[in-house]
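Lettering of chains follows the sequences in order, A, B, ..., and the numbering in each one begins at 1.
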Amino acid sequence: MRAHLESLLRARKLDVTLATAEPWQRRSADDLAATGLAVLDEALGGGLRRGHLSEIVGTRSSGRTTAVCHTLASAASRGEAVALIDTFDRFDPASAAAAGLDLSKLLWVRERGDAVRALKAMMLVLQAGGFGVVAFDLTDVRPPALRAFPFTTWLRLARMIEGSETVALLVAAERLARSPGGASLLLESPPEAARARWTGASSRSRLLRGVTLRPRAVHGGR
Amino acid sequence: VRIPSYDDLTPSIPDVSAGDVFASTRRLLPAPGPVAGGGAPDEDGPAGTALFACLRSTRLPSAILDVARDFSPRVQRHAADAVVLDVSGLGRLLGSPVRIGAELFKALSSQLSAVSRQLADSCQPTADSSGRVSIAPTQIATLLLTLGEAPLTVVTGNVAAALASLPLRILQQFMAEVHGVTVLRKLSRPAAAAALARSPWPAWPACEQAFDVLQRWGLTTLGEFAALPAADLSARMGQSGVALQQLARGRDPRPLVPDPDVPRFVERMELEWPIDALEPLSFVLARLLDPLAGALERADRAAAAIRLDLRLVDRSSHARVLQLPVALRDARVLRTLLRLDLESHPPSAAIDVVTIEIDPAPGRVIQYSLLERAMPSAETLAALTARLGALLGEGRCGTPALLDTHRPDAFEMHRFDAPAPDPRARSRGEAAPASGSEITPCIRRFRPPVAVRVRIERGRPLYVAVDRRGMPGGHVVQAAGPWRSSGAWWQHDEPWDRDEWDVELSEGSVCRLFRDRRAGGWFLDGVLD
């Protein structure tokens, strides 16, 4: 009976509040925004769902910023306008361009550390509409400041993009919120595992080769 | 240059009988060839119902156009400080040409005096309020007469005779004005060449040469020049000499080509009670912008810039100019932009008078497509950028553009525009090129870099200590470097010279450190994340 009701709601596009997500394999490619990284897309089942609030969570040097830059780059390569709300003005245009991001399609909003003002900017961008991906970088905001936000804040964010083609993406050190159809992409790794990959046997010839992403996606109901 | 239509020429065509058709045609379209006959001009000039006036003011050229448009819709600007207007039909309204000239001179004097007073009130350098007016049956005659000494000259009969006493340098001055270098230098080289090709006047090098020859011949007045035999003049100076002689005889090289009347989009409201808050001012702005938006729509124009002038109760003026990213005419968007700008730059006192002027631009033609993805509209982006600017401060949002330098973190912010449809963009569902799980990390930069203490052993960093809370620090597990970069050493303002290290700390962070070789300290540039 429950499955029948849920299928009826989905047929009428009234499924945004369902706690049980539809199996991701059934999503059409139009509903998903690929991140551009195979390891992330595989974990997400194809990409981030449009019209929903998702989050990327991880510790320092776990690849959060890299994942965001590739997600923005992938959306920009599809011709979409993208936006980044940068709470602490830490975005590096050069490395993002090296990751393939077309900077001319990026609206970069630079806040000096005030999370409340950054949240207002995020709401203004979402209200304007028309962006493919809007990322909200809360990575370096202290947990007490994040917990000061009322829980309805994230509900309002999710409600603002409901039914639109925008992917709202929170980037933080700990899990904040996601809409029922969104995903939580966890980039945490065990402490004993090396994140960075180095080349070169001697100290003189050593070179940073890259970082390893170990994503784990959590969808609604899983 | 617009080709004159029949309607443009009609007011200049006098009422003539059948027998006068040939003479009238010759007057409107003077023969380009040399004038046959002896030493004197073969006719007295195109006397008739055609009547032109010229207004000239060297110091306040903007005022003469307003005066000219008050008297006639057929106005042509000839130089920066001279306009010619067709006053043929004004006889029935004002009377004789002398009366028309007097009215024109009176209006010009009062206008120039008013502008001079305004400039004096605003503590700007006081301008010379002198102006000159001339009336004659041909345009060239009016233009030459205003270069003379008399403030008001009216010629109704023989134009050549009226010009005969003028010194030859007046014609030379006029030709230099026509070929003004200040005008031509604003044009690109092909545009200047095209403008000269369309010009009815002789080329300036030929004019210079001709005036040198005339000076050597001992000619001093226009009358002496006009009296030369045209055929002999053509043999010695060519067509440029003949064309100059036609001008000296007061014959127009072409009919009047009126400048298109550019409408002004201005709304003004004097308030009964001063407004000292932005909220009530928003309603006033709406009252002014709604009719302006309607006028723009009727004229198929949009606003390229908004000029807001607020006269305050302390008799000062608060002026703001908003350059719009795209041409807009949505009254709500314009009001929002003005309101946000005033929130950032509020007036210093209560407001008495509100004036809004819009610089028009051609309206945008947008063709929407079902095959292109939806983008934020230009209006939406303009309002969004203004709101973000009001919230975060100017220059805190936009599009980054990398600079062509090796300096770390070198970029500049540009205005964000909606991306143009890109046919090469991948389709929406198509996945981007896949990457492996091991990828080049992006860096999170600290602006400015954080000062750290680094313990060095055998030239390599061993331990990183940071005083600020929340910053990475600890034992260095792996390190790669140093990568030396330097630049701008030839400048004294911002040279850089540093050794960079990529280090992995015991806490798991991968950071970029650098040692400033000029200052000698260590800094945390960012975290590879």
Tell me, side chain or backbone of [X] under 4.5 Å from chain B's heavy atoms, or both, or neither?
{"X": "A:Trp108", "answer": "both"}
{"X": "A:Ala94", "answer": "both"}
{"X": "A:Asp137", "answer": "side chain"}
{"X": "A:Ala99", "answer": "side chain"}

Pick whichever of [options] has the most heavy-atom pairs under 4.5 Å with chain B.
{"options": "A:Val125, A:Asp92, A:Thr139", "result": "A:Asp92"}
{"options": "A:Cys69, A:Ala96, A:Ser104, A:Gly132", "result": "A:Ser104"}
{"options": "A:Ala97, A:Ala121, A:Pro215", "result": "A:Ala121"}
{"options": "A:Val109, A:Val68, A:Asp102, A:Leu107", "result": "A:Leu107"}
{"options": "A:Arg117, A:Arg60, A:Arg142", "result": "A:Arg60"}

Under 4.5 Å from any heavy atom of chain A, what part of [X] do you find: side chain, backbone, both or neither?
{"X": "B:Val510", "result": "both"}
{"X": "B:Pro472", "result": "both"}
{"X": "B:Ala479", "result": "backbone"}
{"X": "B:Arg469", "result": "both"}
{"X": "B:Leu384", "result": "side chain"}

Tell me, do [X] and [Y] make a side-chain contact under 4.5 Å, heavy atoms counted?
{"X": "A:Val134", "Y": "A:Ile161", "result": "no"}
{"X": "B:Arg335", "Y": "B:Ser282", "result": "yes"}
{"X": "B:Leu381", "Y": "B:Phe416", "result": "yes"}

Looking at A:Arg206 and B:Glu504, does any basic side-chain N land under 4.0 Å from a carboxylate oxygen?
->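 Not counted as a salt bridge, because no side-chain N and carboxylate O are separated by less than 4.0 Å.
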Backbone N or O of [Y] within a donor-acceptor pair of the [X] side chain at under 3.5 Å?
{"X": "A:Ser179", "Y": "A:Leu53", "answer": "yes"}
{"X": "B:Arg515", "Y": "B:Trp501", "answer": "no"}
{"X": "A:Asp86", "Y": "A:Arg110", "answer": "no"}
{"X": "B:Asp516", "Y": "B:Gly521", "answer": "no"}

Of all of B:Asp417, B:Thr380, B:Leu388, which one pairs up most often with chain A through heavy atoms under 4.5 Å apart?
->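 Option with the top pair count is B:Leu388.
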For A:Thr71, the option from A:Val171, A:Leu48, A:Val82 that meets side-chain contact (heavy atoms from CB on, under 4.5 Å) |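 When side-chain contact (heavy atoms from CB on, under 4.5 Å) is applied between A:Thr71 and each of A:Val171, A:Leu48, A:Val82, only A:Leu48 qualifies.
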Per the salt bridge (Lys or Arg N to Asp or Glu O under 4.0 Å) rule, which among B:Arg512, B:Arg445, B:Arg447 passes with B:Asp525?
->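 It is B:Arg445, the one option of B:Arg512, B:Arg445, B:Arg447 that forms the salt bridge (Lys or Arg N to Asp or Glu O under 4.0 Å) with B:Asp525.
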